[in-house]
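All ligand and atom numbering here is 1-based and tracks the order in the structure.
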Amino acid sequence: MKTQILSTKTEDIKKAAEIIKSGGLVAFPTETVYGLGANALNEDAVKSIFKAKGRPSDNPLIIHVADKGDITPLVKEVTPKAKALIDAFFPAPLTIILQKSNIVPNATSGGLDTVAVRMPKNEVARELIRQSGCVIAAPSANTSGLPSPTKAKYVIDDMLGKVDAIIDGGDCEVGVESTVITLAGDTPTILRPGAVTKEMLEAVIGEVEISPAVLNELDKDETAASPGMKYKHYAPKARVMLVNADKESYERFVNAKANAFALCFDDDNVTIPHITFGKESDGESQAKELFDALRQLDALGAKRVYARLPEKDGVSMAVYNRLIRAAAFNIIDLKKPFTIGLTGGSGTGKSHICKYLKTLGFNIIDSDLVAREVVKKGSALLTELQAAFGDDIVKDGELDRRLLAGRAFETKEQTAKLNAIMHPAIIKRCEEMADGLCVLDAPQLFEAGAQDKCYKIIAVTAGTDTRVERICKRDGITKEQALQRINAQFDNGYYAEHSDYVIQNDGQDIKIQIDRIIDEII
Ligand code: TXA
Ligand code: MG
């Protein structure tokens, strides 16, 4: 198919309208992103949209109208809340979902009994609809799964040869697709955030909910309120990882990355190859630039991209929503005190693994060493221990560990008492020491309740025989004593269930296992 490239001049819009009238496909500018339009009430024309985009047929389209009055025939009822929103906002980057009327073909509504309608702000778009003499169904004019096009050149990249015409209307003003709100259920619910924010909508119609799929990944068995939410979206070729960090930590993190790209804010001091997407705390500028930035990264051949995580409020919610999808919900959480919590029973060889992690640039925080430090001569904790276990556990200002251990491990209650004093103090001190990428080496990570302070948890396991051998050699105790110690700890199943990764350390090459994990998480 030969694709005509048209301008926004009156005669070109007329040409485009003729194409729509005769059942053809025209890509056109809107204030949000470019749309791929066809007569919404012509089933065959609508089917060709799905074909050109490679879009699953159960993903419904938005019907674009030129005038508010054109909405009435498309829906069962323009409900009072719908009327309020239409009067307050239209024309706007806002799509409203209502019960559909019989004139809307199933192809357009993806087989649903509801229909999405929107009156775009862009004058060219409205003029095209008016001239076509019909309402226009238009998804974003990208190949399904790719970022929506905000410039004509991206429409040309995706759609040349697949559509009859493309109207070049310059850059889109908003940059992310319209806000989608459904009024078809009990409470108005945002299915896709955009430039018309929750606060703006609530000012007009009162309480508005946000569909869980907007900010979170749905479980496999959950159904998305909006079919579009279940598909892979906005995905560049690169693997995108979002970094939840303040400006300085982000800069330190990405600037240490070789062979990677950054997707950062305008003012970030980034020294690796990067593309910016707007200003920090300015959702509007981020929205405008995001999709363009994702496409630029592809053009540069980026394989791995570390992106700054936007806020979740106002227009930034739309940016956040698109970016977490582009990143397949992959968020590196550097705001947690510890990058990695490393745990596992005695004799599994954690220290060996820490040594290797240190060579990879991690700061290692050894909780056993910290446990000694917090009860050093003159510490407040020593006095606390004395009050709990007897004055005589301190001799010449130093803790008599043997005596304390004897008393603390006599009964379960005594052990719990010791842990309740020691664990919070140890974790607090470890947190004070945490800086940059760090590993908390903590055999009692779970017992201390420190798991939530770690971005990822790695457990180390090993076979019982190996562990017994290691413990006997290291601590000079008998086999029976070693076994007793192992049996008092969590079993391998517990660690596997509560950790993100498990490293099997029976003497095999742990480097391969660790390299794979580190590559996946950061
Ligand atoms: O800004 C926009 O809305 C752009 C421009 C071209 O107007 N259009 C756009 O369309 O983004 P599209 O098809 O790429 O996204 C429409 C979204 C999809 O996620 C779809 O699943 C959802 O709206 N949608 C459409 N009709 C729906 C319905 N009846 N119920 C629930 N979700 C619906
Ligand atoms: Mg789309």
Peer 1: Please determine which of K151, K53, R55, R295 meets the salt bridge (charged side-chain N to carboxylate O under 4.0 Å, His left out) test together with D158.
Peer 2: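 Passing option: R295.
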
Peer 1: For atom 29 (N) of ligand 1, what's the nearest protein heavy-atom neighbour? Residue, atom name and distance, please.
Peer 2: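 Of the protein heavy atoms, T114 OG1, 2.9 Å lies nearest.
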
Peer 1: Looking only at heavy atoms, is any part of Q99 under 4.0 Å from ligand 1, and if so is it the side chain, the backbone, or both, or is it neither?
Peer 2: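 Neither; no heavy atom under 4.0 Å.
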
Peer 1: Drop me the distance from I167's CD1 to L128's CG, to the nearest 0.5 angstrom.
Peer 2: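 Rounded to the nearest 0.5 Å, the CD1-CG separation comes to 5.0 Å.
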
Peer 1: Considering heavy atoms of the protein only, find what lies nearest to atom 19 (O) of ligand 1 and give residue, atom and distance to 0.1 Å.
Peer 2: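 Nearest protein contact, heavy atoms only, for atom 19 (O) of ligand 1 is G228 CA, 3.3 Å.
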
Peer 1: Can you find a side-chain donor-acceptor pair between Y320 and D313 that sits under 3.5 Å?
Peer 2: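 No - no donor-acceptor pair under 3.5 Å links their side chains.
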
Peer 1: Do you see a donor-acceptor pair shorter than 3.5 Å between the side chains of S178 and T95?
Peer 2: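 Judged by distance alone, the side chains do pair up.
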
Peer 1: Would you kindly say whether E177 and S140 are connected by a side-chain donor-acceptor distance under 3.5 Å?
Peer 2: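 No, because no side-chain N or O of E177 sits under 3.5 Å from a partner of the opposite role on S140.
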
Peer 1: Between E280 and K247, does at least one N-O distance fall below 4.0 Å, as a salt bridge requires?
Peer 2: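 Here E280 does not pair with K247 in a salt bridge, since their nearest N and O are not under 4.0 Å apart.
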
Peer 1: For L112, take its heavy atoms, then give the atoms of ligand 1 lying under 4.0 Å from any of them.
Peer 2: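 Listed by number with element: 28 (C), 29 (N), 30 (N).
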
Peer 1: What protein heavy atom sits nearest atom 24 (N) of ligand 1, and how far away is it?
Peer 2: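 For atom 24 (N) of ligand 1, the nearest protein heavy atom is P60 CG, 3.7 Å.
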
Peer 1: Please state whether H64 comes within less than 4.0 angstrom of ligand 1, counting heavy atoms only.
Peer 2: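 So H64 counts as touching ligand 1.
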
Peer 1: Polar contacts were defined as any N/O atom of the residue lying under 3.5 Å from an N/O atom of the ligand; does this apply to S178 and ligand 1?
Peer 2: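 Among all N and O atoms of S178, at least one is under 3.5 Å from an N or O of ligand 1.
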
Peer 1: Between L191 and ligand 1, which residue portion shows a heavy-atom distance shorter than 4.0 Å: side chain, backbone, both, or neither?
Peer 2: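 Side chain only; the backbone of L191 stays clear of ligand 1.
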
Peer 1: Any ion pair linking D70 and R126 (charged N to carboxylate O, less than 4.0 Å)?
Peer 2: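 No, R126 and D70 are not salt-bridged.
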
Peer 1: Under the rule for ring pair (Phe, Tyr, Trp, His ring centres under 6.0 Å), what residues qualify as partners of Y494, not counting sequence neighbours?
Peer 2: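 For Y494 the ring pair (Phe, Tyr, Trp, His ring centres under 6.0 Å) partners, ignoring immediate neighbours, are F446, F490, H498.
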
Peer 1: Can you report which non-hydrogen protein atom sits closest to atom 10 (O) of ligand 1, along with the distance?
Peer 2: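 For atom 10 (O) of ligand 1, the nearest protein heavy atom comes out as P139 CA, 3.4 Å.
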
Peer 1: Can you report which non-hydrogen protein atom sits closest to atom 28 (C) of ligand 1, along with the distance?
Peer 2: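 For atom 28 (C) of ligand 1, the nearest protein heavy atom is I97 CD1, 3.6 Å.
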
Peer 1: Ring-plane angle category for F265 and F277, please: parallel below 30°, perpendicular beyond 60°, tilted otherwise.
Peer 2: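 The rings of F265 and F277 sit tilted, inter-plane angle from 30° to 60°.
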
Peer 1: Using a 4.0 Å cut-off to any heavy atom of A116, which atoms of ligand 1 qualify?
Peer 2: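 Close to A116: 25 (C), 26 (N).
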
Peer 1: Counting from 1, what ligand 1 atoms have a heavy atom of S140 closer than 4.0 Å?
Peer 2: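 Selected atoms, number and element: 8 (N), 9 (C), 10 (O), 12 (P), 14 (O).
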
Peer 1: Please list the nearest protein heavy atom to atom 5 (C) of ligand 1 with its residue and the distance rounded to 0.1 Å.
Peer 2: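 Minimum-distance protein heavy atom for atom 5 (C) of ligand 1 reads T32 OG1, 3.6 Å.
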
Peer 1: Which residue and atom name correspond to the protein heavy atom nearest atom 20 (C) of ligand 1, and how close is it?
Peer 2: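 For atom 20 (C) of ligand 1, the nearest protein heavy atom is N59 OD1, 3.2 Å.
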
Peer 1: Side chain, backbone, both or neither: which applies to R192 and ligand 1 if a contact is any heavy-atom pair less than 4.0 Å apart?
Peer 2: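 Under 4.0 Å from ligand 1, R192 contributes side-chain atoms alone.
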
Peer 1: Any atoms of ligand 1 less than 4.0 Å from a non-hydrogen atom of I62? List them with their elements.
Peer 2: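 Taking each heavy atom of I62 in turn, ligand 1 has 3 (O), 8 (N), 9 (C), 10 (O), 16 (C) under 4.0 Å.
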
Peer 1: Give a yes-or-no answer on whether the side chains of T271 and N255 include a donor-acceptor pair shorter than 3.5 Å.
Peer 2: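 There is such a pair (donor and acceptor under 3.5 Å, judged by atom type) between the side chains of T271 and N255.
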
Peer 1: Could you state the interatomic distance from OG1 (T179) to CD1 (I190), rounded to the nearest 0.5 Å?
Peer 2: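 Spacing of OG1 (T179) from CD1 (I190) equals 6.5 Å.
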
Peer 1: Any N/O/S atom of S148 sitting less than 2.8 Å from the Mg ion (ligand 2), backbone or side chain?
Peer 2: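 Coordinating: no.
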
Peer 1: Any salt bridge between E18 and K15, counting N to O under 4.0 Å?
Peer 2: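 Between K15 and E18 there is no salt bridge, as every charged N stays at least 4.0 Å from the carboxylate O atoms.
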
Peer 1: Identify the protein heavy atom lying closest to atom 8 (N) of ligand 1, giving its residue, its atom name and the separation to 0.1 Å.
Peer 2: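 Here the closest protein heavy atom is A138 O, 3.7 Å.
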
Peer 1: With atoms numbered from 1 as shown, which atoms in ligand 1 lie under 4.0 angstrom from a non-hydrogen atom of G35?
Peer 2: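 Per the distance check, 6 (C).
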
Peer 1: If the contact criterion is a heavy-atom separation under 4.0 Å, does R55 count as touching ligand 1?
Peer 2: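 True for this residue.
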
